[in-house]
Student: 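Submitted below is the structure of interest, expressed as structure tokens.
Just the heavy atoms: all of them, side chains too, but no hydrogens, waters or symmetry mates, feed the values below.
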Amino acid sequence: MRLPCPYCGDRDVSEFRYGGDASRQRPAHGAGSAKEWHDYYFVFDNPKGAHTEHWQHVLGCRQWFTLNRDTARNEILGGEE
Amino acid sequence: MLEARSALTTARPLAGEGLAINEAGDFLLTQLAWFDKSDEKTLKDLLGALPARVGQTAAAEAGTLLRTGPQQLWLLQEGRTAALPLLPSSTLVTPLSSSRSRIAVAGPKARDVLARCAAIDFHASAFKPGSFAMTGIHHTPALIHCIGEDSFHVFAMRTFGLAVWEWLTDAATGL
Amino acid sequence: MTGFRRLDTGGRIDRGKTITFTYDGSRAFGFAGDTLASALLASGRVLVARSFKYHRPRGFLSAGPEEPNGLFTVGDEPNTPGTLCEIHEGLAAKSQNAWPSPDFDLMAINGLASPIFGAGFYYKTFMGPFRKSWMFYEPFIRKAAGLGIASASADKTRHDVSHGFCDVLVVGSGPAGLAAALTAGRAGLRVVLAELDFELGGSLLSAGSEALEHWRKEAISELEALKNVRLLTRAAVQGLYDGNQVVVQRRPEPGQSAATLEIIRARTIIHAGGATERPLVFQNNDRPGVMLASAVRSYLHRHALVPKSQAVVVTNNDSAYATAFDLAEAGVAVTIAELRAAPSGDLLARAAQLGIAIFPNTGVADVVGDKQLRQVKLGGRHSVTIDCDVLAMSGGWSPNVHLTSHGGIKPKFDESLAAFLPGGFAAGQFGAGALMGTFGLLASVREGEAAGQAALAFLGSKKQVRPVDAPGIREDRAYAISPVWGTAGPKTKAFVDFQNDVTAKDVATAHQEGYLSVEHLKRYTTLGMGTDQGKTSNINALAMMADLRGLSVNETGTTTFRPPYLPLTVGAIAGRSVGHHFRPTRRSPLHDWHAAHGVTFIEAGLWMRAWYYDWAGRTPEEAYVREMELVRKGVGLADVSTLGKIDVQGPDAAEFLNRLYVNGFAKLPVGKARYGVMLNDDGVVLDDGTTSRISDTQFYMTTTTAQAGEVMSWLEYLLQCHWPELKVHVASLTDEWGGMALSGPKSREALQLAFPEADVSHDGLPYMGVKDITFGGTTVRLMRLSFSGELAYEIHCPADFVIALWEHVLKVADPLGIKPYGLEALASLRIEKGHVAGLELDHRNTLDDLGLGKMAAREKPYIGKELRFREKLQAPDRWSLVGLELMEPGKKLRGGSILFAAADEIKGHGRGYITSVTWSTELNKFIALGLYQGGLKHEGEEIVAAFPLKNEQVKLKIVSPHFIDREGARLHA
Amino acid sequence: MAKGYSVFSLLKHALKPDSAWPQAWEKPQPRSSYDVVIIGGGGHGLATAYYLAKNHGITNVAVLERSYIGSGNAGRNTTIIRSNYMIGGNTNFFEFSLKLWEGLSHELNYNCMVSHRGQVVVAVSPVQMDVFARRGNIMRLNGIDAELLDRGETQKLLPYLDYSKEARFPVWGAIHQPRAGTARHDAMVWGYARAASQLGVHIIENCEVTGMVMDGNRVTGVETTRGRINAGKVGIAVAGHSSHVARMAGLKLPVESHILQAFVTEPVKPIVHHVVSWGAELFYLSQSDKGGLVFGGHIDGFNTYTQRGQFFKIRDVMECAVSLMPFMSRMRLLRHWGGIQDMTPDGSPFICRTPVDKLYLNGGWCYQGFKATPASGWTFAHTIAHDAEHDLNRDFTLDRFEKGGELDEFGIGNWTYKQ
């Protein structure tokens with residue numbers, strides 16, 4: 001699979017590190033109850049279809065970016081900064 | 001004065017048919033970083049140039065500028081004596097001269113050797129002199145800088161320097 | 001011996017170049033251009049193997065990659081298909097799975113018990129009489145299983161992997177593939193044409209027509225002249241992966257061994273991989289001499305081999321008539337058993353012209369000849385027995401939809417062609433030729449050109465391209481088929497899968513016992529699980545199952561096609577990343593000095609670290625004790641360059657660190673360092689280390705060696721994904737800076753000798769003080785930090801100068817008896833001091849477990865604060881850090897021991913375990929750190945450490961983990 | 001004709017060629033309602049149905065499978081069974097499972113080829129020897145067989161590893177569990193299906209659940225591609241699709257679905273006689289009774305429901321194979337495939353009640369679903385029958401993370417793709 005790094009262009013998935021579901025709302029620093037942090041950290045939509053996720057181009061420019069991908073077909077639906 | 005020592009002291013240069021792999025150790029490297037567009041503009045004015053996009057280089061009076069990120073670049077100066085140019089106060093400076101081993105890979109077979117080491121399109125039409133790619137060589141981060149038609153500088157992480165050297169020279173034996 | 005004979009002329013072989021090789025130890029001959037298969041057939045050898053389960057005699061079924069029977073051990077590689085193995089001088093081939101030889105195989109008795117050995121027999125037996133009886137039967141079954149013998153010695157073949165890129169990848173070089181490559185090549189695009197065979201041309205190579213050969217040569221010479229086109233032969237496209245990525249295996253030239261694997265990212269792919277002929281299923285259809293019709297035609301045109309005198313062709317479609325006609329023209333007496341009423345078009349007339357007898361509505365009832373075909377018994381409308389040397393059969397054609405299915409797009413069955421076609425294509429992929437069910441040569445050329453045009457359009461190429469001129473043949477022969485999925489009823493010896501000995505009866509058994517889905521059929525009968533992966537068997541079998549279930553073939557569907565297309569060695573994929581190169585070796589900037597001064601290295605993650613030095617002893621146990629004594633009494637120098645080091649800069653750097661660490665960093669003064677612990681979002685300890693403030697807006701953070709990469713990505717993740725409002729930049733300095741720990745009562749003296757101009761007095765460089773000086777033309781950072789518990793300093797400088805600085809310190813401090821100490825001593829010293837390290841920071845322990853709860857700020861928020869106080873993480877009986885002293889001198893104290901209270905019964909999960917052990921030079925006994933239920937609430941208690949793996953138990957006492965200098969007098973000396 | 005399987009019944013059928021074996025499991029039409037409906041016809045679902053009938057006398061049960069039984073991970077794993085678990089909640093559960101495996105062929109009258117050939121996990125550093133020692137000690141303290149081997153003993157047992165100076169990660173020793181080994185995965189699925197069917201359980205294939213029928217916070221049935229089926233209780237056992245099915249009842253789970261690839265080589269004569277795992281990187285291998293070397297490694301590392309993996313991860317696993325066992329270099333790969341792993345933040349599963357009344361969850365199996373199948377069926381049947389967790393699975397609850405009760409077996413930390 002090739003991922004579109006916003007800065008370096010298409011690169012092999014082996015150059016990236018996965019950062020997980022980006023649609024989860026991380027509570028602001030110093031805010032949020034234990035329940036909100038639990039739901040953010042431990043519980044996932046894990047959809048079979050369009051999924052917004054974090055990736056880092058860890059072997060390249062080291063930038064993190066958000067990507068939409070179809071988890072049922074590994075098709076890249078478009079990336080965002 | 002303390003004597004400088006390279007990570008590739010024990011590496012044997014390779015001089016094959018159509019390919020040469022040597023250390024190109026004499027350089028100074030400094031990372032310059034900033035936060036917003038105005039900082040970037042000020043830096044560009046002082047340096048006289050600044051590559052617009054990541055992966056591009058620009059020649060400046062102080063040395064070669066390689067844009068390595070949306071808010072950062074490498075200042076690459078040949079030799080070991082050059083001084084840092086005047087910089088805006090908003091620019092963050094991080095010396096990195098010891099952090100990379102620089103390996104020169106040159107000759108008609110250079111692109112074939114590199115094609116066995118990184119998942120990058122090294123075809124002459126796709127990787128032209130003046131551009132560079134930040135990618136992985138043997139599971140380690142490496143910056144590959146094209147400085148001539150079939151001449152490249154590979155910036156390997158220093159602590160992986162000898163491992164990357166062995167990986168490159170081993171690839172060459174197959175050709 | 002009947003079978004084949006070599007014609008005096010013809011074939012794509014070089015009769016001037018004779019090649020000698022050995023087969024089962026005896027000398028054999030062939031010409032350049034012969035495969036092992038054609039050379040053996042030429043020498044009159046038809047029986048070459050014994051089948052997997054029943055050990056029935058077998059000959060070559062095909063002439064290509066789909067070969068199920070003719071597998072040989074070539075050199076030390078088992079299961080090599082003879083049809084793909086080009087012969088060369090010195091080739092040593094051996095038959096397999098037969099003893100003493102294929103001609104006379106003792107294991108053939110298996111055939112007698114075949115009624116018992118039907119599908120799934122081993123699920124119904126070998127269970128008794130005891131619970132573990134299977135362990136008695138298994139060795140016998142394992143010995144009987146397996147085809148070739150694998151040598152356990154290391155394989156020295158050199159493999160390499162390279163990365164390729166192109167605009168258009170064309171798979172297959174038949175008429176369609178060549179036309180597509182010409183179209184794309186003429187437009188100046190970067191084209192790669194990959195062909196599995198050792199010659200380009202695909203079906204053209206066995207077409208036996210000057211006109212087509214002329215067209216083939218013209219196309220190839222034009223492609224060879226185009227610089228933007230790469231022509232790859234012996235190149236099997238083994239798998240299609242997401243993102244238009246394919247893996248191509250480049251087999252070596254005959255006689256050479258180095259093979260390369262090329263991973264190609266193609267912007268567009270044109271699939272033109274052709275089709276594979278299906279056998280028919282009839283009684284004893286596996287006898288040597290029974291072959292696919294297209295294979296017989298290929299041996300004729302490529303290797304000038306013909307049946308000795310008589311051949312029978314049995315077919316349910318028109319394509320086999322070409323074989324019949326070519327054999328007749330080569331002087332062979334041919335009879336055709338036509339399963340249908342009649343073929344289409346002018347085929348009947350042409351057959352009559354060539355004196356070929358045709359029996360319509362007739363198939364093969366049986367085959368006579370045990371070790372080799374002698375006669376064919378026809379049945380149906382006509383029952384007649386015919387002597388013959390070769391029986392050529394055709395059950396129709398199955399497009400090679402493997403590759404197009406790898407991406408998860410299931411193939412669809414076309415009733416009229418009785419074939420599965422690609423179920424569709426991902427963006428940028430196209431299909432042409434026999435793969436798409438287009439079996440005519442002219443039509444294939446047109447379709448190949450159209451696919452080329454489609455690729456150009458997809459890539460946005462505006463180039464006008466000269467059309468591909470048509471080959472000089474009148475028009476395509478028609479292709480009609482009426483599938484008769486095997487005339488055999490549930491007879492026992494009609495084979496569907498030749499390699500795994502699966503018969504039509506087995507398919508019926510599976511249906512009858514309820515294993516109806518094609519996957520159940522495959523797993524219950526082992527259909528298609530051999531080295532040919534069902535290339536000639538799957539479609540026949542699942543079509544039979546569809547009939548038995550009264551469903552259409554499309555409803556039944558196919559099993560899943562999986563890479564690799566052809567068996568591919570593990571070594572070819574691993575490439576050079578094996579042995580020493582398996583993973584890169586990471587070296588400290590001081591590596592070369594250690595190597596020259598009697599060090600023993602030890603792996604630590606990817607690092608190679610100095611473990612202990614010869615001056616102190618020959619073994620780790622002996623050496624680390626002396627190295628510890630040196631540091632406790634004098635002064636030692638240790639390499640700490642592997643620590644993670646991160647430059648944190650920016651106006652919000654202090655706020656950023658304040659959010660990360662449980663303790664406060666906002667008010668850390670410039671020139672001071674502070675020990676910090678950071679938690680994960682879940683409140684469990686992530687990492688620890690000291691961070692120094694270099695200026696108002698710059699910090700020098702260190703992390704543990706093991707977690708450096710993890711922490712670096714974590715900082716970047718927080719800054720870039722969640723806190724973009726913080727103006728902070730982080731940069732890794734792990735490779736930029738080297739570092740050494742100068743530890744021991746005489747360390748300040750040594751430091752003063754090394755840096756005479758610097759004020760390193762107690763007040764000049766107070767505990768946790770940080771001072772940058774210029775020395776020897778570079779920056780040197782002096783930090784008064786102690787991991788050992790002694791008065792100690794860390795000296796960091798740019799890696800280029802660290803060896804010179806290290807040698808300088810050793811030289812000037814030599815009068816003080818300074819010597820290097822290694823990782824083992826470093827770990828033991830920190831255990832005596834009670835510092836936690838890797839073994840304690842294993843993502844299960846909280847701050848409180850490690851006795852660091854007090855560090856956490858009350859008000860200031862920090863990452864993990866909310867989940868740190870979850871109920872079970874605050875339970876009073878949690879396992880927390882304790883010191884342990886051995887109460888029975890002379891006994892061994894081992895890491896991994898399980899801790900029990902004195903009164904506990906020694907079983908279950910215990911109350912804790914030992915994490916790190918060392919001999920204490922200070923206390924003159926073995927001590928350890930561990931985790932114990934309730935921790936230091938039990939200080940002073942005597943407990944038991946059990947090590948049942950060695951049947952040992954020892955008495956210990958719980959003490960404070962700070963074994964020495966609890967008040968820290970030495971640190972503040 | 002004889003229904004039971006044995007060498008005698010085999011002979012009887014062989015002598016009368018046209019005598020028919022009965023269907024291994026019945027293929028009934030679905031009834032409109034059952035006492036218990038199990039969603040998922042893999043090993044866990046079928047085992048649960050069998051033990052509901054066998055242990056609890058509840059036979060009005062249906063197992064609904066959207067495709068053919070054993071079409072998910074049960075048909076796509078490396079067939080390893082072991083009980084070398086160290087964390088409180090796991091040790092006894094997996095040992096109980098291994099004990100059930102020992103008698104399974106007899107229990108089901110179906111040869112599952114349970115091979116106690118032993119598993120050897122190779123250590124690559126002194127520190128790792130200590131970590132293995134802790135695991136081995138806990139096993140011995142719970143009556144589970146384990147022995148620590150030094151380098152010499154390891155070489156005697158596994159002569160084909162790389163003991164040369166060239167090895168990047170040298171062999172320091174190993175931990176060996178003699179009773180561990182392999183079992184034939186398809187046979188376990190068909191065995192449980194046949195035994196459950198004989199006890200009256202309905203196994204309904206090609207019947208996909210498309211929705212839950214709810215009455216307030218209580219589940220009362222399921223919508224399927226073959227119509228609505230009412231149920232007194234509903235058990236979810238769909239592994240990689242746990243989130244997908246649980247969402248039908250409004251539940252979000254601590255689960256992410258990842259691809260775990262597995263590989264098989266051509267069949268060769270016996271050469272590897274144990275299950276061999278490596279300590280340098282996650283890698284495990286054994287030789288099937290048909291002669292193929294079956295092996296696998298780490299997950300690809302990102303959410304996906306495709307049963308196919310990325311080539312860079314295939315290379316990683318091949319590199320491990322050749323670096324640990326140099327002879328593997330010449331072994332030809334026949335096939336590689338992938339299962340969808342339901343990964344959890346701490347690497348341990350869920351067998352428990354859910355916040356929805358009468359709805360029960362069995363999932364979160366990460367790498368260890370196959371070896372857990374018998375105990376998973378046993379305890380899930382108990383949990384459904386009694387509406388309360390069994391002693392063996394009391395820690396496998398959905399709310400353990402809220403309470404800080406993670407069962408982090410490998411101490412890797414709480415990101416599902418790091419497990």
Student: Relative to chain C, which segment of D:Ala321 carries a heavy atom at a distance below 4.5 Å: side chain, backbone, both, or neither?
Tutor: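 For D:Ala321, the side chain is the part near chain C, not the backbone.
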Student: Does any non-hydrogen side-chain atom of D:Asn111 lie less than 4.5 Å from one of C:Tyr137?
Tutor: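 SC-SC contact between C:Tyr137 and D:Asn111 ruled out.
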Student: To the nearest 0.5 Å, what is the distance between NE2 (D:His336) and NE2 (C:His406)?
Tutor: 7.5 Å
Student: Is a side-chain donor or acceptor of D:Arg330 paired with a backbone partner of C:Ser153 at a separation under 3.5 angstrom?
Tutor: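 Yes; at least one donor-acceptor contact below 3.5 Å.
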Student: Side chain, backbone, both or neither: which part of C:Asn951 has a heavy atom under 4.5 Å from chain D?
Tutor: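 Answer is side chain: those atoms of C:Asn951 sit under 4.5 Å from chain D.
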Student: Between D:Val268, D:Asp162, D:Ile69, D:Ile314, which shows the greatest number of heavy-atom pairs under 4.5 Å with chain C?
Tutor: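 Of the options given, most contacts go to D:Val268.
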Student: Under 4.5 Å heavy-atom distance to chain D, tell me which part of C:Thr73 shows up: side chain, backbone, both or neither.
Tutor: neither
Student: Using heavy-atom distances under 4.5 Å, tell me whether C:Leu261 contacts chain D through its side chain, its backbone, both, or neither.
Tutor: side chain
Student: To the closest 0.5 Å, what do you measure between CG (C:Leu516) and NZ (D:Lys27)?
Tutor: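 It comes to 5.0 Å.
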Student: To the nearest 0.5 Å, what is the distance between CZ (D:Arg308) and OH (C:Tyr241)?
Tutor: 11.0 Å
Student: For chain C, which of D:Met325, D:Gln307, D:Met139 has the most heavy-atom pairs under 4.5 Å?
Tutor: D:Gln307
Student: Going by the rule salt bridge (charged side-chain N to carboxylate O under 4.0 Å, His left out), which residues pair with C:Asp681 if we only count those two or more places apart in sequence or in a different chain?
Tutor: A:Arg26
Student: D:Glu266: what forms a salt bridge (charged side-chain N to carboxylate O under 4.0 Å, His left out) with it, not counting sequence neighbours?
Tutor: D:Arg332
Student: Nearest 0.5 Å please: distance from the OG atom of D:Ser71 over to the NE2 atom of C:His520.
Tutor: 7.5 Å
Student: Under 4.5 Å, counting heavy-atom pairs only, tell me which of C:Ser897, C:Pro584, C:Ser133, C:Gly243 racks up the most with chain D.
Tutor: C:Pro584
Student: Run D:Lys269 and C:Asn97 through side-chain contact (heavy atoms from CB on, under 4.5 Å) and show every step you take.
Tutor: CA-CA 10 Å; D:Lys269 293 299 178 190; C:Asn97 200 33; 3.9 Å; yes
Student: So what's closer than 4.5 Å to chain D heavy atoms on C:Glu710: side chain, backbone, both or neither?
Tutor: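 For C:Glu710, the contact with chain D is made by the side chain alone.
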Student: Would you check if the side chain of C:Gln512 reaches a backbone N or O of D:Trp21 as a donor-acceptor pair within less than 3.5 Å?
Tutor: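 A pair under 3.5 Å: yes.
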Student: Could you tell me whether the side chain of D:Ser6 reaches within less than 4.5 Å of the side chain of C:Lys124, counting heavy atoms only?
Tutor: no
Student: Report yes if the side chains of D:His273 and C:Arg142 come closer than 4.5 Å at any heavy-atom pair, otherwise no.
Tutor: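 A side-chain contact under 4.5 Å exists here.
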Student: Side chain, backbone, both or neither: which part of D:Trp172 has a heavy atom under 4.5 Å from chain C?
Tutor: side chain
Student: Heavy-atom distances under 4.5 Å only: say whether C:Phe130 touches chain D with side chain, backbone, both or neither.
Tutor: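 Looking at C:Phe130, just its backbone touches chain D.
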Student: Under 4.5 Å between any side-chain heavy atoms of D:Leu324 and C:Phe582, yes or no?
Tutor: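 With C-beta onward as the side chain, the pair stays apart.
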Student: Heavy-atom pairs under 4.5 Å with chain D: which of C:Gly239, C:Ser916, C:Gly407 has the most?
Tutor: C:Gly407
Student: With a cut-off of 6.0 Å (strictly less than), are more than 12 heavy atoms of other residues, nucleotides or ligands near CZ of C:Phe869?
Tutor: yes
Student: Given that the side chain runs from C-beta out, which part of D:Val189 has a heavy atom under 4.5 Å from chain C: side chain, backbone, both or neither?
Tutor: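 Interface part for D:Val189: neither.
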Student: Can you tell me if C:His909 uses its side chain to pair, donor with acceptor, with the backbone of D:Gly89 under 3.5 Å?
Tutor: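 Answer holds: no.
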Student: Tell me, side chain or backbone of D:Thr306 under 4.5 Å from chain C's heavy atoms, or both, or neither?
Tutor: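 For D:Thr306, there is no contact with chain C at all, as no heavy atom is under 4.5 Å.
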Student: Below 4.5 Å, heavy-atom pairs only: which of D:Ser323, D:Gly291, D:Ala280 has the largest tally toward chain C?
Tutor: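 The residue among D:Ser323, D:Gly291, D:Ala280 with the greatest pair count is D:Ser323.
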Student: Pick one of side chain, backbone, both or neither for C:Asp532, based on which atoms fall under 4.5 Å of a heavy atom in chain D.
Tutor: neither
Student: Could you state the interatomic distance from CE (D:Met331) to CD (C:Glu77), rounded to the nearest 0.5 Å?
Tutor: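 Reported value, rounded in 0.5 Å steps: 8.0 Å.
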Student: If you define the side chain from C-beta out and look only at heavy atoms, does anything of D:Phe169 sit under 4.5 Å from C:Leu606?
Tutor: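 A side-chain contact exists here, since the closest heavy-atom pair is under 4.5 Å.
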Student: Look at C:Ile141, C:Ile263, C:Thr846 and state which one has the largest set of heavy-atom pairs under 4.5 Å with chain D.
Tutor: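 The option with the most such pairs is C:Ile263.
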Student: Within a strict 4.5 Å, meaning less than it, do heavy atoms of the C:Glu603 and D:Arg168 side chains meet?
Tutor: yes
Student: Does the separation of the ring centres of D:Trp337 and C:Phe561 fall below 6.0 angstrom?
Tutor: no
Student: Under a 4.5 Å heavy-atom cutoff, which of C:Thr915, C:Ile906, C:Thr585, C:Ile149 has the most pairs with chain D?
Tutor: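 Max contact count across the listed options: C:Thr585.
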Student: Is there side-chain contact between C:Ile602 and D:Pro126, with heavy atoms separated by less than 4.5 Å?
Tutor: yes
Student: Give a yes or no answer on whether the side chain of C:Asp155 reaches the backbone of D:Phe327 with a donor-acceptor pair at less than 3.5 Å.
Tutor: no
Student: Quick check on C:Ala604 against chain D: is it the side chain, the backbone, both or neither that has a heavy atom closer than 4.5 Å?
Tutor: neither
Student: Where on D:Phe295 is there a heavy atom nearer than 4.5 Å to chain C: the side chain, the backbone, both, or neither?
Tutor: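 Contact with chain C: side chain only.
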Student: Where does C:Tyr122 contact chain D at under 4.5 Å (heavy atoms): side chain, backbone, both or neither?
Tutor: both
Student: Working to the nearest 0.5 Å, report the span between CE of C:Met127 and CG of D:Leu104.
Tutor: 11.0 Å
Student: What part of D:Asp289 gets closer than 4.5 Å to chain C, counting heavy atoms only: side chain, backbone, both or neither?
Tutor: both
Student: By a 4.5 Å heavy-atom criterion (distance strictly below it), what part of C:Thr531 contacts chain D: side chain, backbone, both, or neither?
Tutor: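 Both parts, backbone and side chain.
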Student: Is C:Val161 close to chain D through its backbone or its side chain, or both, or neither, when contacts mean heavy atoms under 4.5 Å?
Tutor: side chain
Student: Less than 4.5 Å apart, side chain to side chain, heavy atoms only: is that true for C:Arg583 and D:Asp316?
Tutor: yes
Student: What residue in C:Glu513, C:Lys907, C:His580, C:Glu871 has the most heavy-atom pairs under 4.5 Å with chain D?
Tutor: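 Max contact count across the listed options: C:Glu513.
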Student: With a 4.5 angstrom heavy-atom cut-off, could you sort out which part of C:Phe121 is near chain D: side chain, backbone, both or neither?
Tutor: both
Student: Heavy-atom distance under 4.5 Å to chain C: side chain of D:Leu148, backbone, both or neither?
Tutor: both
Student: Using a cut-off of under 4.5 Å on heavy-atom pairs, state which of D:Gly70, D:Pro159, D:Gly88 scores highest against chain C.
Tutor: D:Gly88
Student: Judged by atom type as modelled, is there a donor-acceptor pair below 3.5 Å linking the side chain of C:Arg844 to the main-chain atoms of D:Asp408?
Tutor: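 A pair under 3.5 Å: yes.
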Student: Quick check on the interface: out of C:Gly128, C:Gly120, C:Ala574, C:Ala875, who has the most heavy-atom pairs with chain D under 4.5 Å?
Tutor: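 The answer is C:Ala574.
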Student: Any idea which of D:Asp130, D:Leu11, D:Leu333 has the most non-hydrogen atom pairs under 4.5 angstrom with chain C?
Tutor: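 Highest number of pairs under 4.5 Å: D:Leu333.
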Student: For C:Gln874, which atoms come within 4.5 Å of any heavy atom of chain D: side chain, backbone, both, or neither?
Tutor: neither
Student: For D:Met113 and C:Glu138, what are the C-alpha separation, side-chain angles and deciding distance, and is it a side-chain contact (heavy atoms from CB on, under 4.5 Å)?
Tutor: CA-CA 8 Å; D:Met113 301 173 209; C:Glu138 188 180 48; 5.8 Å; no
Student: Heavy atoms only, distances under 4.5 angstrom: which of D:Glu26, D:Met129, D:Arg117, D:Glu205 has the most pairs with chain C? Name it, please.
Tutor: D:Arg117
